[in-house]
Novice: 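Encoded as structure tokens, here's the structure I'll be asking about.
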2 protein chains.
Amino acid sequence: MQIIKYPEKETWANLLTRPTARLKEIEKKVKPILKKVKKKGDKALLYYALELDKAVLTDLLVSQEEIEEAKKQVSRPLKQAIAKAYKNIEKFHLAQQEKFKPVSTMTGVTCWRKSVPIQRVGFYIPGGTAPLFSTVLMLGIPAKIAGCEQVIMTTPPNREGKVHPAILYTADLVGVSKIIKSGGAQAIGALAYGTSQTPRVYKIFGPGNQFVTAAKQLVAKQGVAIDMPAGPSEVAILADDTANPAFIAADLLSQAEHGIDSQTLLVTTNEEIIQKVAIELVAQIEKLPRKEMARISMTNSRCFLVRNHEEALDLLNEYAPEHLIIATQDAKVLAERVINAGSVFLGNYTPEAAGDYASGTNHTLPTNGFAKAYSGVSLDSFMKKITFQHITEEGLQNIGGIVEKMAEAEMLIAHKEAISIRLRHLQESKANNQ
Amino acid sequence: MQIIKYPEKETWANLLTRPTARLKEIEKKVKPILKKVKKKGDKALLYYALELDKAVLTDLLVSQEEIEEAKKQVSRPLKQAIAKAYKNIEKFHLAQQEKFKPVSTMTGVTCWRKSVPIQRVGFYIPGGTAPLFSTVLMLGIPAKIAGCEQVIMTTPPNREGKVHPAILYTADLVGVSKIIKSGGAQAIGALAYGTSQTPRVYKIFGPGNQFVTAAKQLVAKQGVAIDMPAGPSEVAILADDTANPAFIAADLLSQAEHGIDSQTLLVTTNEEIIQKVAIELVAQIEKLPRKEMARISMTNSRCFLVRNHEEALDLLNEYAPEHLIIATQDAKVLAERVINAGSVFLGNYTPEAAGDYASGTNHTLPTNGFAKAYSGVSLDSFMKKITFQHITEEGLQNIGGIVEKMAEAEMLIAHKEAISIRLRHLQESKANNQ
């Protein structure tokens, strides 16, 4: 853990730098994969499953039997935990439903908006050692509330050609329409272009390694929407002397175990706590199965000693962390001053892990400073808002002159004419009626 | 106008194809421009102003004197029209403000969301023959309501080094913080990277030519948010025998005058109306100053004769038009079945031009079929939503076991420990108190 005491504001940008991904080199590897999937479809997916996942597949599609099998394999206590998390996530995302009332902007001019589900969405769920079934919940529950017609999930098979039962169980729970055994850039290609087994989707969600991220960015340029640009996961903790050093260490480590590039930040006004957290880290890290990964990640960890909470918040808003834990006495007051963050956790008993799994908020959040402009995934992410308007004859008479004047000034005379021709028609009808 | 009678569903995708931009070649030209701006800042902007806009600039920044001068040059009637449009746009976007109530997902577990303005946003306003001051209103009014701290606008200077007075007048009206005389890809570079005159922004809005679009997509890959991917403007009209052929022709032409690549579609169940519209088009096009452009654009126009309104809506939802005019008797009923569109206009007296300028809805909308996944610009576009949560000691006892179980199943033991260490602490405190 690198300790930085009272850094001057001019040095912040430098001190807060994140490691930049070598996207260019990765893109070079990803482009031919996407091309091949576009051209050869399922054949390419089967080829890459063998080549990259070392899995011999006879079918890309997860069968109903596999799902039934998975249901039996998931333990009852895990099912119960998932059911409770499901309920919380559902409750929080249901509260995000909006009803727009029509707005009468002028007499006879009525405008409104309507949220409409995106018809076909795709999820990418990573495989590997940690089966991220929680992400299936975080994407699947809002997609279900939104009413997306088709939800296509891709996830890499293991060497036996299987998918982790917890992933299949939760996918079934949230009503995923189809599960394709494919990972990496090739899965993103399948979702973006479609194959005979994979319906083409309009928006792709979900985390992934640098290949997946690069593939998502490339297909985004071709018009497929993506949830957000991705980077390594991050947590920043703001602590004062009321914070518990053991809790802070545990929260830092729960971020550090994600990967060697995970980012952890501790910002405090209290010098003593830094020492105490350091001691706790040494003790706690030993007990972790992923301690080697966590250790490497923690060497990049930065700890900032600052003069006061105002400075702390300025620094944190400049960093724009994915997760921000405020473990201070006046956490609620300080939370009001957070401008850039993905999700904020208040107090000593609100660990990030709660939001990662079960409290109700979404865990798909902007990393890499993107919280300055991006929101995390929410119900909105699965819908688009269409505007509507209706203008009566009287309304057109009220608004017509305004539009004519403005269109004329923009030298778009056909725009003006679209109004004038209607106004003339109304005048003529009126004259004929008299 | 190409007339297609009763096309089979299998042929739709082909018939609805849009021209694809040759983005690759354009990217090749744009990349060195972005690089130069990143490296040389204002010097590069001055260089390109001379090289591409043929303007000798002594200062990149629009001065207060220039704004005062512009205010005098805009006519009083135009000012009055702008003021009325402003009020309507403001009213519709004010109605988009949201208040989230905290949600208690479990006893002791409270989650909520908050909309926070994006601190620095950038607008690109094209120059050229048509001074698009209406776009300044469409972007500036929601940015103002959102409360964005800094709004940086870039717009190309003319050969005299000036900006159109209507653009300066409206920029001042909506409270733009700074106006930079720069256009094309170089302006996007300035907004994305910052120069000594241009503050770096977190999100870039606004229309532009293919160079601007390519530049926006390139900086988006580097983490700057953009409003949406852009393509040529489009209108689709659904008409029955109650529609007025002269109005339809006027609406088609008001789209066609935007540029030679503008897309226009007419879908109808009534064969007669096609002929009538064709006759009207010939008559009306003659009177337009931009008739040459409109004529080229109209050669790409497609007219679909379909069996019934259900087929019409399926076809239109497949196309996902930026603008959709429903000029039918049962417009309101049909509107309910629109799934993919940017903005919808109902009835004979609701021309697209009304929404382009003054009715209240935003005119920055998804083109190129992106309406399948993207919404138009709204108040949301200028804010991000941050989630918050607070868990009490009791709350942690309620949710702790769920999180532990799930984290364990995902093999993320440090996540589990972040909960367990707190639960143990609570248990110990309780034991000590007894």
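Everything numeric here is computed off the predicted structure, so don't read it as measured data. Sequence lines set the chain letters: A, B, ... in the order given, protein chains first and strands last, and positions in each chain run from 1.
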Novice: Examine distances only and state if a side-chain atom of B/Arg422 and a backbone atom of A/Asn348 form a donor-acceptor pair shorter than 3.5 Å.
Specialist: yes

Novice: Is a donor on one side and an acceptor on the other found under 3.5 Å between the side chain of B/Lys91 and the backbone of A/Met106?
Specialist: no

Novice: Relative to the ring of A/His425, is the ring of B/Phe247 parallel (under 30°), tilted (30 to 60°) or perpendicular (over 60°)?
Specialist: perpendicular

Novice: Kindly give the heavy-atom pair with the smallest separation between A/Lys114 and B/Glu336, and that separation in Å.
Specialist: NZ-O, 3.1 Å

Novice: Taking atom types as modelled, is there a side-chain donor on B/Ser343 or A/Thr387 under 3.5 Å from an acceptor on the other?
Specialist: yes

Novice: Donor-acceptor check, side chain of A/Ser375 to backbone of B/Lys385, threshold 3.5 angstrom: yes or no?
Specialist: yes

Novice: How about A/Glu410 and B/Ser134: does a side-chain donor come under 3.5 Å of a side-chain acceptor?
Specialist: yes

Novice: Go through the atoms of B/Ala371 and report whether side chain, backbone, both or neither lie under 4.5 Å from a heavy atom of chain A.
Specialist: backbone

Novice: To check you understand the geometry: which heavy-atom pair defines the closest contact between A/Pro289 and B/Ile413, and what is its length?
Specialist: CG-CG1, 3.5 Å

Novice: Scan side-chain atoms only and decide if A/Gln119 and B/Asn340 contain a donor-acceptor pair under the 3.5 Å cut-off.
Specialist: yes

Novice: Is the backbone of A/His415 close enough, under 3.5 Å, to the side chain of B/Glu257 for a donor and an acceptor to pair up by distance?
Specialist: yes

Novice: Give a yes or no on whether the backbone of A/Ile391 and the side-chain of B/Thr350 come within a donor-acceptor separation of less than 3.5 Å.
Specialist: yes

Novice: Under 3.5 Å, is there a donor-acceptor pair linking the side chains of A/Gln389 and B/Ser359?
Specialist: yes

Novice: Identify the heavy atoms of A/Leu346 and B/Trp112 that sit nearest to each other, and give their distance.
Specialist: CD1-CH2, 3.6 Å

Novice: Heavy-atom pairs under 4.5 Å with chain A: which of B/Ala354, B/Ala95, B/Pro229 has the most?
Specialist: B/Ala354

Novice: Quick check: does any side chain N or O of A/Lys384 sit under 3.5 Å from a backbone N or O of B/Ile339, one acting as donor and the other as acceptor?
Specialist: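 Pair found, side chain donor or acceptor close to backbone of B/Ile339.
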
